[in-house]
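All remarks here apply to the structure that follows.
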Protein chains: 2
Amino acid sequence: MTLHLPSKRCTGDDRRRAVALAARALIVERGLEGLRTRDIAARVGINIATLHYHVPSKEALVALVAESVRLDFRAQAERRPRTGKTALEQLRLEFDDFRETVEEMPELIIVLTEMIERARRDPAIAAIVAPIQEHWRTQFAEIFELGIADGSFRPNLDPVAAALITTGTLADYWRLLTPLRTPLDRVFAEIEHAFGAPHSSQGKQNHVL
Amino acid sequence: MTLHLPSKRCTGDDRRRAVALAARALIVERGLEGLRTRDIAARVGINIATLHYHVPSKEALVALVAESVRLDFRAQAERRPRTGKTALEQLRLEFDDFRETVEEMPELIIVLTEMIERARRDPAIAAIVAPIQEHWRTQFAEIFELGIADGSFRPNLDPVAAALITTGTLADYWRLLTPLRTPLDRVFAEIEHAFGAPHSSQGKQNHVL
DNA sequence: GGAGGTCTCAATCAAATGATTGATTGACAG
DNA sequence: CTGTCAATCAATCATTTGATTGAGACCTCC
C-alpha cells in the first residue's frame, strides 16, 4: 500500500479511502448536514477538482462513506469466533463488543446514525445501511434461539422480538443526550434478567447445563 | 384562529405556527439537511422577507420547529389521566399511546428524530429536545417502580434500566428501514414478559393482586 | 383623517457551494 | 526519447441560499 506521505501521487483506491475517512471525521463534527466537498478536499490535502476526479459527485461521496462504514462494521463483526459458546456467553460477548465499539470507535456509530437518518429518504444509502442493521438483529435473534434450546433463556421467549428489544436498546442508548449516570452494565444486567430462564440464577456464575 | 385564506393578514403567532408546520412537513420530505427558507415561505404562501420578519434567522426557525414539536408532545402526553390504574394497565396505556402516535402522527416522530440528531452538535436544540426524552423515560421508570410495589413486575427489576430498555426499543422500532413483518404487538408482549412478575401469568387476563 | 405600528413584497446582496475546464506533472512502456 | 495515461491543480462557472433593504399596504386608535 503506497502511502501518500512520501510521494505526492497516490493510487485511486488510497485516495478514495482517505477521502472517506476525512468525510467521516467531518460528519462527526458537523453532521451530514454540514458536510462540504471543499472541507473534505482540504482535510485530505488535495484540490477540489482532484476530489471530483476520484469521486464524481457528492451523492457518490456519501455512498462511499456509507460503504466504508459498512465494511468497517463487517470487519469488526467477523473477527470474533463465537462457536462452542453457550447462548449466555455469546450474549455477553455481544455486549462486550458493543461496549468496545462505543468506547473505541464512537465515530463509527455516529456516522452510521447519520446514514440511517438519511436512508429514510435515500434508497441508495438505505441499500447499504439496511444490511448492517439486519445482520445485527439476526445475530441476536440466533443467540436467543440457541439460548432457548440450551436453557439459558426463557422457554416462552420470542427470539425475534427479544432481538428487536436488544438492538433497539443498544442503538438508542448511546444516542441519549444527557450523559446519563445509568451505566451500560445495569442495562445489560436487566436484559439478562429479562430474557433469562426464571429459575436459573444466572447472575454472575454461568452454570448453564 | 384566523385563517389566512379569506383575509390576507394574520397575526404574528398564526404565521409563526404556519411556518413551523410547513417547516415540519419539509423536514419530513427532505430532512433538516434539505430544509430551505425559500421552500418554507413558498409552502406558507408568503415572501421570504415576510418569513424573516416573523422568524429572524434560520437558527431561530429550527428552534421554533423544535419548540413546536415539544409542545405537541407535551399536549399529547397531558391528555391521558393515568391515576387509579395498576402499573401493568399504565404500561399498556403507554403502549397504546405510542402506537397511536406512530400511526396518526408519524411526522411528529420523524421531526423529533432529526432534532435529536442535530441536538448532538447544537446545544440550543438539545435544551429543547432533552426534556422530551427525559420525560418519556421518567414516565416509564415511575410505572415500573409502581409495578414492583403492586406486584405487576419482578421484585428484582431495575426501574431505570427497564425504562431505558423500553424507551430505546420503542424509539428505535419505528426507525427500522425494513418495513418489518414483526408487529409491534410481539415487542410489547415480550416487554411485558420480560419485566412481569415470573409466577403471575399476566398474558391476556390482568388479575393483578 | 392621519399618526404609528404591524405586516407584506419585489428586488437585491454577498457568501457559499457543487461542479467543470484546461493545462500541468510524473511515471512508465516501447 | 516519446507517447500515453492517471493524477493533480488554479481558475472559474452557474446556482443556491440566507439575509437585507426600501417601499408600500392595511389596521387601530385618536
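Residue numbers start from 1 in every chain, and the chains themselves are labelled A, B, ... in the order their sequence lines are given, proteins ahead of strands.
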Counting only side-chain nitrogens and oxygens, does [X] get under 4.0 Å of the OP1 or OP2 atom of [N]?
X        : N      : answer
His54(A) : dT8(D) : yes
Arg15(A) : dT8(D) : yes
Tyr53(B) : dC7(C) : yes

Where the side chain of Arg36(A) is defined as all heavy atoms beyond and including C-beta, which of dA16(C), dA6(D), dC7(C) is the nearest nucleotide?
dA16(C)
Taking the minimum atom-to-atom distance to the side chain of Thr50(B), which one of dT6(C), dA16(C), dC9(C) wins?
dC9(C)
Measure CG/Asn47(A) against C1'/dT25(C) and give the value in whole Å, please.
14 Å
Is there any side-chain hydrogen bond (donor to acceptor under 3.5 Å, both in side chains) pair reaching into residues 59-69 of chain A, and which pairs are they, with sequence neighbours excluded?
Arg24(A)-Ser68(A), Glu67(A)-Arg70(A)
Nearest-nucleotide comparison on DNA chain C, the residue closer to the 5′ end among Pro56(A) and Asp39(A):
Asp39(A)
Please figure out whether Arg38(B) or Ser57(A) has its closest DNA chain C nucleotide nearer the 5' end.
Arg38(B)
Partners passing ring-ring contact (aromatic ring centres under 6.0 Å, His included) against Phe73(B) (at least two apart in sequence or in another chain):
none
Between Arg175(B) (side chain only) and Glu117(A) (backbone N and O only), is there a donor and an acceptor less than 3.5 Å apart?
no
Examine the side chains of Gln76(A) and Thr101(A) and answer whether a donor and an acceptor come within less than 3.5 Å of each other.
yes
Using a 4.0 Å heavy-atom cut-off across all strands, classify Leu35(A) as base, sugar-phosphate, or nothing.
sugar-phosphate
